[in-house]
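This report refers to the structure that appears directly beneath it.
Note that these values count all heavy atoms, side chains included, but never hydrogens, waters or copies made by symmetry. Every value quoted in this text rests on a predicted model; they were computed, and no experiment measured them.
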Amino acid sequence: MENKQVLEIIEGTVEGIVFQNEQTGYIVLEIDVAGTLVTAVGELGEVYEGEQVRLTGKFVSHQTYGTQFKAEFCERSLPSGANDIFRYLSSGVIKGVGAKTASAIVALFGDKTLEIIEKEPERLKAVRGVSEAKAAQIGREFTRIFGARTVMKDLAALQIGAGESIRAYKKFGERAAERVRQDPYVLCGEDIGLSFEAADEIAERLGFSKGSPCRVRAGLLHVMRHNAGNGHTYLPKSKLLSITTAFLNADDADFEAELDWLFGSNLLVEDEVDGTLAVFLPVYHSCESYIAYRVTNMLQAKTEIPEDIDKLIEQTEKELSISYARLQKSAVKQALTQNIFILTGGPGTGKTTALNGIISLFERQSLRVLLAAPTGRAAQRMSEVTGREAKTVHRLLEVAYSENDMPRFQRNEENPLKADVVIIDEISMVDVVLFSSLLKALPQGCRLIMVGDSDQLPSVGAGRVLKDLCIDDFVPTVKLTEVFRQAAQSAIVTNAHLIVRGDLPELHHKDNDFFFLKRESAEKVADTVVDLCVRRLPKSYGVSPLKDIQVLCPGRKGELGTYELNRRLQAALNPPERTKGEHTFAGVTFRSGDRVMQIKNNYDIVWVKPNGENGLGVYNGDIGVITAIDKLSSTLKIVFDDREVLYPFDLLYELEHAYAVTVHKSQGSEYPMVILPLFKYFDKLYYRNLLYTAVTRAKDLLAIVGDEAAVSKMVQNNRKIERYTALAPFLRKSLEEYETIGF
C-alpha cells in the first residue's frame, strides 16, 4: 500500500470536534492522550465527543497548525464513565437527544446508560419527556451507529483506511466487512475508490490466489476503466484478454469464463465493431449507441429552409459590414439548411465571423438560439466574440446532482431545452458522455451547430466525437482554410498553420508575437521560464504574471513538468509572508495569492457573484486565485473569474497550482501570453497536434523556450492520439439500417 513506513498508535478521549465533513468523513479532532491535548486529522467517519479512540497513523509537522497526528485507521470505543457518556449523548450523536434529555437519561442510568440504550431501550420511557416511540427511535439509531462502528473496526483490522471504510459502509451497510472478506476487490470499484494494487494486497493477506475469479473480474474491469481514462470507449476482446493476462500474471485463471460472467452481470457489454468483437463499459456503449441513433434521426429529419437564402446573407453582410469568403458563405448556407452541422477551421480563418452571421440569420427568423462551450473560459470567450450570453454545457443542461463524478442533468428527454438552435463551440473538447447528454436535451426539430478545430487534441474524456462525426462525411461539415489578411500578420497564426501542415515554424523573427529562446539545458529552460514570468514580460509589456501569462507544459513530470515549474513559479511569484495565509495538504502548500486550477468536476460546490447571484458547480480546468485562507473555519476562498467559492480544506485534492498547466488542461482556453518550455525531456509527448494546440492557446504573444530540435521533432511526429471508439461504426450501421428499412 501507499505508506510503507512504521505507523504509531495513540489512544485517548475525544475532547472536541474542530471540523467535520459528513460527506467525506474528514474530521479534525482534539484528543486527550494521557493528559496531553493532541490534534488528529483524517477520514475517520462519525466520531463524537466523549468517545475513546485508538488511532493508527503518524505525527506530521504543519507550517500553520504545528504538530498534528494524521490518522489512517481509527478504532472507537464507547465511553464508560457517566461524565463521558453525557458528553457523548449531548454532542448530537443520536437524533432527538440533546443536552437536556442526555442529562436526564444519565442521571437515571449512570454508567449503564449505553448498555440500557442498546439492550433495553424501552426502559428509557422512565425518563421524563421520552415517549415509547422516542425510546424505540433512540434504540434504533444507537443500533445503526453501533453497526457502523463495528464495520469500521472490522475493516480497520484488514488495514483498510477510514475513508474507504466509510464508503464501503455506505454501499454495503452492516454487511460491509463480510462483503469485503468474500471479495476484497469490491473496494476498487468506482464508488469506493481504493486502487486495484491496494485491494490486491488485502486479498493476498486474506489468502486469495492470483487466479481467483473475483481477482480476474476486478482485473478485467480495472483494465477497462484505465483505458477509458486514456480516451478509449472500448477495447477489442482479444486485446483486453491479452492485456489483463499480462497484468494479473495468473496462469491458472479462466479469463474467458470470468469475462462471460461480467457480460451476464451487465458490468461489461460485448458488441461487434467493424467485424471485431469489442468490450465496453456499459456507459460508453450506451452513449455511443444513442449518439448514432439520434444523429441519424437528425440527418434524416426535414429542415425548414428559408426562402432566398442568398438575399438573406447579403443583408447580413451589409448589417455586419463584412463580405464573406466563398467557404464562409457555404458555412452560413449549410447552417441554415441542415439540422446538424459542423464548422471547423484553424486560427484566423474566420470561424467567428461566420458564426456571428449564422446567429444573426437565425435571430432574424425569430428562432431561439442558445450558445454553450465545454469550459467556463471557452464560454466566456464565446460571449465576448458573439456579444451574446454563452453558458458552459453543464450549466446549459442544468446539473442537479452527481454521483461518482457522473453528472445528472435536469435537461433531458423529459425536460428538453427551450431552443430552436443550439450552438456549441470548442466541440473537440466534448466527450461521448457529455455529447450524449446534450443530444438527449435537444427537443425534436432543434438544430445543432458545432464549432471547433479538428486539428486540436481530442477530449480529455473518452471518445473522439468531432473526428468520428466527420469520418465518411457523416455530418455536413465546412472546414475554413483561408487565413485572412489581418490574421496573417500574426506569426502565431501563420506558424500554427505551418505546424498543422507539417512544416517547421519560423522561429528566428524577433519583431513579432512569436519568439523562440534557445537554451542548452532543461535547467536553463526552467530558469528562463521563471525569469520571463517574473521580470522580462511584465517589464516589457506591463502585464500581470497572474492574469496575463500562462506557462504550458507537455507533461507533469521532470524539470520542465507542471509539478516542478509550479513549485518554482510559486516561490518566485508568491513567496511566503507573515500576512499571507497558508495551508499544506498532501504535501502541497496553498497560499493566499496562488493561482489554482480545479482538476475534477464538482457539481455541488456553491459559488456567489458580486451581484448576489449564486449557483452550483466548478469544473475541470477552471482557473482561479486564492484570496483568503481561514484556519478557524478550515476553508479557502477562491475567485474564479467573477465567481467566489469557499473550499473546505478536505476538498483540496480537487485543486492544483496553475502557474503552469499541461497543454491538455489548456484546451478551450485562450491566454494573452503563453510560454511553452520544450526540451528533450518529454519525448513521448512530442507530437504535432499537441504543439499546434499549445500555439493556438496564445492570443497576443507566444514564447517557446528550449531546443530547436524538440520543436522539429514535434512537427515531424504526426502521431495522432489513436483511440478505440465505436461512434463512427455505429453511425455507419445506423444510417445503413435507415436506408434499408427506415425508422
Just verifying a value: how many Å separate [X] [atom1] and [Y] [atom2], rounded to the nearest 0.5 Å?
X	Y	atom1	atom2	value
D548	L701	CG	CG	11.0 Å
L655	Y647	CG	OH	4.5 Å
S634	I629	OG	CD1	11.5 Å
Y687	N718	OH	CG	11.5 Å
L678	C553	CG	SG	9.5 Å
D700	D513	CG	CG	8.0 Å

Checking [X] now: which residues fulfil side-chain contact (heavy atoms from CB on, under 4.5 Å) with it, not counting sequence neighbours?
X	value
T353	I322, Y324, Q328
S669	R377, Y671
V385	T352
A658	R595, M597, I623, V661

Electrostatic pair [X]:[Y] at N-O distance under 4.0 angstrom:
X	Y	value
E656	R556	yes
E413	K440	no
D455	R688	no

Where [X] and [Y] come nearest, the two heavy atoms and their spacing:
X	Y	result
A572	V534	CB-CG2, 3.6 Å
A331	I358	O-CD1, 4.2 Å
T662	L552	O-CD2, 4.4 Å
A372	L396	CB-CD2, 3.9 Å
T392	P374	CB-O, 4.5 Å
K351	T344	CD-C, 3.8 Å

Identify, with sequence neighbours excluded, every residue that meets side chain to side chain donor-acceptor pair (under 3.5 Å) alongside [X].
X	value
N227	none
K637	none
N566	none
T635	S633

Worksheet item: What class does the angle between the rings of H232 and Y724 fall in, given that below 30° is parallel, 30 to 60° is tilted and above 60° is perpendicular?
Response: tilted
Side chain to side chain, [X] and [Y], heavy atoms closer than 4.5 Å:
X	Y	value
M298	L442	yes
P576	E582	yes
I704	L702	yes
R411	K418	yes
F341	V478	yes
V695	F514	yes
S459	V465	no
V715	L498	no

Item to complete: Could you go through the salt bridge (Lys or Arg N to Asp or Glu O under 4.0 Å) check for R568 and D527 one step at a time?
Response: CA-CA 9 Å; R568 294 188 57 165; D527 289 342; 2.4 Å; yes
Worksheet item: With sequence neighbours left out, what residues match D468 under salt bridge (Lys or Arg N to Asp or Glu O under 4.0 Å)?
Response: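 In terms of salt bridge (Lys or Arg N to Asp or Glu O under 4.0 Å), with neighbours along the sequence ignored, D468 is linked to R464.
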Practice prompt. Kindly say whether the aromatic ring centers of H657 and Y563 come within a distance under 6.0 Å.
Written response: no
Worksheet item: What residue pairs, at least two apart or across chains, pass salt bridge (charged side-chain N to carboxylate O under 4.0 Å, His left out) with a residue in residues 426-439?
Response: R381-E426
Look at the side chain of [X] and the backbone N and O of [Y], then say whether any donor-acceptor pair between them is shorter than 3.5 Å.
X	Y	value
S544	L546	yes
S436	V432	no
T696	Y692	yes
H497	P347	yes
D594	V596	no
Q667	L457	yes
R723	G463	yes

Item to complete: Could you walk me through whether L343 and L480 pass the side-chain contact (heavy atoms from CB on, under 4.5 Å) test, one step at a time?
Response: CA-CA 8 Å; L343 173 62; L480 303 178; 3.9 Å; yes
Fill in: Worked check of side chain to side chain donor-acceptor pair (under 3.5 Å) between N415 and Q410
CA-CA 7 Å; N415 182 31; Q410 292 188 63; 5.5 Å; no
Worksheet item: When you look at F409 and L434, which way does the side-chain contact (heavy atoms from CB on, under 4.5 Å) test go after all the steps?
Response: CA-CA 10 Å; F409 298 110; L434 185 57; 4.0 Å; yes
Worksheet item: Should we say atom NZ of K547 is surrounded by more than 12 heavy atoms from elsewhere, each under 6.0 Å from it?
Response: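 It does not: K547 NZ has 12 such atoms or fewer within range.
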Worksheet item: Which pairs pass ring-ring contact (aromatic ring centres under 6.0 Å, His included) with one or both residues in residues 610-629, sequence neighbours excluded?
Response: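 Qualifying pairs, neighbours excluded: H394-Y619, Y603-Y619.
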Practice prompt. Report the C-alpha separation of S666 and Q550 in whole Å, then their side-chain angles, then the decisive distance to 0.1 Å, and conclude whether the side-chain contact (heavy atoms from CB on, under 4.5 Å) test is met.
Written response: CA-CA 9 Å; S666 75; Q550 182 63 61; 6.0 Å; no
List the atom pairs, with distances to 0.1 Å, where a side-chain N or O of residues 639-646 and a protein N or O form a donor-acceptor pair under 3.5 Å, not counting sequence neighbours.
residue : atom : partner : partner atom : Å
R643    : NH1  : G617    : O            : 3.3
R643    : NH2  : D622    : OD2          : 3.2

Fill in: H285: which of F730, Y290, Y234 passes ring-ring contact (aromatic ring centres under 6.0 Å, His included)
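So the option named by the test is F730.
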Discussion item. Between I626 and H583, does the side-chain contact (heavy atoms from CB on, under 4.5 Å) criterion hold? Intermediate values first, please.
Written reply: CA-CA 11 Å; I626 299 174; H583 180 69; over 6 Å; no
